[in-house]
Amino acid sequence: MQYDHILIRYGEMALKGKNRKSFIIQLQNNLKRQLRDFPKTTVKRTQGRMFILLNGHDPDAIIKKCQNVFGIQSLSLAVKVQNDEEQIKAAALWALQNERDIRTFKVSVKRIDKDFPIRSQQMNRILGAYLLSHTSGFSVDVHEPDLELSVEIRKEATYITSSVVQGLGGLPVGSSGKTLLLLSGGIDSPVAGFLAMKRGVQVEAIHFHSPPFTSDRAKQKVLDLAEKLTHYGNKIKVHVVPFTNVQQHIFREMPENYAMTIMRRMMLRISEYVCRNESILSMTTGESLGQVASQTMESMNAINEVTNYPILRPLVAMDKDDIIKISKTIDTYDISIRPYEDCCTIFVPKSPKTRPSREKVNQFESQANFSDLIEEAVNGIEVVTLTGKADMEEAFNDLF
Ligand code: ATP
Ligand code: MG
């Protein structure tokens, strides 16, 4: 006997009423995409659950992939047998003996197929007694067992699962529309992108760079960050905006203490243009209240004035430590701390206004003409599409 299935549980989505069906199909498609390097696997849907048929592939590698898929609450290896008492007993015994470092267990039977003649409670007792009499060294603990052996008796078959592996939770990427992530080379914005994806949002990214003040390596850093995000969803399009002329104009023509505010407003104006062009309905930033001068309430108010597109700020209530923790788990931290310049750090004014006002900023902006420069920046946008295959390509290159 061997584990030939993975059972996928998707808690939150079960609550989602009308959208439920499309969430589930999205999850199935996302899983299939994650498993494209395992061509023999298939992903099946059944009432309230999803199953991956392993067809001989290594279960550990597949579990790892599943742990990158939003919408999965938890998963377990499963063995499938017919709805037959003797077969269920044999499989349960095999599953228990297959575990290491287990002393206590509990059997949890769920009888979904009411045609199965033995009720759940009775089946629990039958299996518990059977396992105890066919093994030695185990005991039953119904409160805190080392292992909960669950047995789901469904219409089509019975599945016996052992240890539960936690999933990422959230909603399947693609089930909640698309956002344009303002992606800098910092620690915060990739985490903001990850959290937006967790709510089912598909991400495109926009990055403002200022060559020659920012180097190609600074741009590569941002592409590497975006590539990390592809591991949790779809391919990601990165719009790279040549921002040098806009920035220089700001720093020549505008009062220095308002330069930061005006620069951010220009970023949002250009981002809104990209949103319109790509039919994207929102933007996402890595802003978190109080972190730096541009992230006071006054500053957000002055910056946000230029667009009425919703701006998602998933980090707004988070502490830096928690943001860093996430960036480490999603493997973006080491990239973010690479010491390459970003357009904001280069042109950062010595004393940015922490309480800018809309009135003043509008007055300053009206004294210079930015529209040609914005148009030029928009026309110069370079689009790079990351498919999430980079790891494989690297591995492939290493072979030669
Ligand atoms: P991060 O760590 O994401 O860079 P931060 O703490 O440095 O954030 P700011 O520099 O104030 O904060 O930037 C606020 C947000 O503005 C960023 O999280 C990002 O969403 C956006 N942003 C800043 N610089 C750029 C850039 N060069 N290109 C695209 N977006 C940017
Ligand atoms: Mg930054």
Side-chain angles (χ1 to χ4, degrees), residues 179-196 203-211 213-215 217-223 225-226 228-229 236-244 246-247 250 259-275 282-300 302-304 306-307 309-316 318-328 330 332-349 352-354 356 377 381-382 384:
T179 197
L180 185 66
L181 171 67
L182 278 77
L183 186 60
S184 69
I187 292 170
D188 300 327
S189 40
V191 175
F194 172 79
L195 293 175
V203 163
E204 281 194 22
I206 185 166
H207 175 67
F208 297 86
H209 78 144
S210 297
F213 303 102
T214 59
S215 64
R217 289 207 288 185
K219 180 173 125 190
Q220 189 56 45
K221 176 182 176 183
V222 171
L223 297 180
L225 288 170
K228 288 287 178 195
L229 293 180
I236 293 182
K237 248 169 137 178
V238 186
H239 304 261
V240 183
V241 185
F243 202 47
T244 318
V246 175
Q247 268 190 314
I250 295 171
M260 174 70 92
T261 309
I262 294 170
M263 184 179 76
R264 292 267 186 252
R265 284 163 61 105
M266 296 301 162
M267 284 186 180
L268 287 193
R269 287 185 173 111
I270 294 171
S271 298
E272 184 177 312
Y273 178 90
V274 171
C275 283
S282 72
M283 307 175 200
T284 298
T285 71
E287 290 165 296
S288 160
L289 264 176
Q291 251 194 27
V292 287
S294 63
Q295 297 175 16
T296 61
M297 198 65 86
E298 289 82 356
S299 192
M300 275 190 193
I303 293 168
N304 218 147
V306 301
T307 180
Y309 271 57
I311 299 184
L312 312 183
R313 298 184 176 88
L315 310 186
V316 77
M318 288 178 71
D319 292 342
K320 192 77 184 185
D321 286 350
D322 297 329
I323 297 170
I324 288 175
K325 239 183 244 159
I326 298 180
S327 78
K328 285 181 176 165
I330 64 173
T332 54
Y333 182 77
D334 287 338
I335 301 173
S336 292
I337 60 172
R338 279 187 214 155
Y340 302 124
E341 294 299 307
D342 145 283
C343 68
C344 303
T345 46
I346 283 182
F347 289 95
V348 73
K353 191 91 180 149
T354 51
I381 289 177
E382 174 201 359
V384 182

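For ligands, and for the atoms within them, numbers begin at 1 and follow the listed sequence. On a predicted model such as this, the values are computed, not experimentally measured, just so you know.
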Could I get the full list of salt bridge (charged side-chain N to carboxylate O under 4.0 Å, His left out) partners for Arg217, not counting sequence neighbours?
-> none
Short N or O distance, Ile187 and ligand 1, threshold 3.5 Å exclusive = yes
Tell me, with the steps shown, if Ser189 and Ser184 meet side chain to side chain donor-acceptor pair (under 3.5 Å).
-> CA-CA 6 Å; Ser189 40; Ser184 69; 3.1 Å; yes
Looking only at non-hydrogen atoms, which of Met283, Gln247, Gln295 approaches atom 14 (C) of ligand 1 most closely?
-> Gln295
Evaluating non-hydrogen atoms only, which member of Gly286, Gly185, Ala192, Ser184 is closest to atom 1 (P) of ligand 1?
-> Ser184
Leu195 CG to Thr284 OG1 distance, which is reported to the nearest 0.5 Å = 10.0 Å
CG on Leu225 to CZ on Arg338, rounded to 0.5 Å | 7.5 Å
Give the numbers and elements of all ligand 1 atoms closer than 4.0 Å to a heavy atom of Gly186.
-> 1 (P), 2 (O), 4 (O)
Identity of the nearest option to atom 5 (P) of ligand 1, non-hydrogen atoms only, from Leu182, Thr285, Asp188 = Asp188
Nearest heavy atom to atom 11 (O) of ligand 1 wins, so pick from Arg264, Glu287, His239.
-> Arg264
Tell me, please, which residues at least two apart from Asp322 pass salt bridge (charged side-chain N to carboxylate O under 4.0 Å, His left out).
-> Lys325
Using a 4.0 Å heavy-atom threshold (strictly under), name the region of Ile206 that reaches ligand 1: side chain, backbone, both or neither.
-> backbone
With rounding to the nearest 0.5 Å, note down the distance linking CD in Glu204 to CG in Leu183.
-> 12.5 Å
Ligand 1 versus Met267, non-hydrogen atoms closer than 4.0 Å: side chain, backbone, both, neither?
-> side chain
Determine whether the side chain, the backbone, both or neither of Leu183 has a heavy atom under 4.0 Å from any heavy atom of ligand 1.
-> backbone
Given Ser327 and Thr332, is the side chain to side chain donor-acceptor pair (under 3.5 Å) satisfied, shown in steps?
-> CA-CA 5 Å; Ser327 78; Thr332 54; 4.6 Å; no
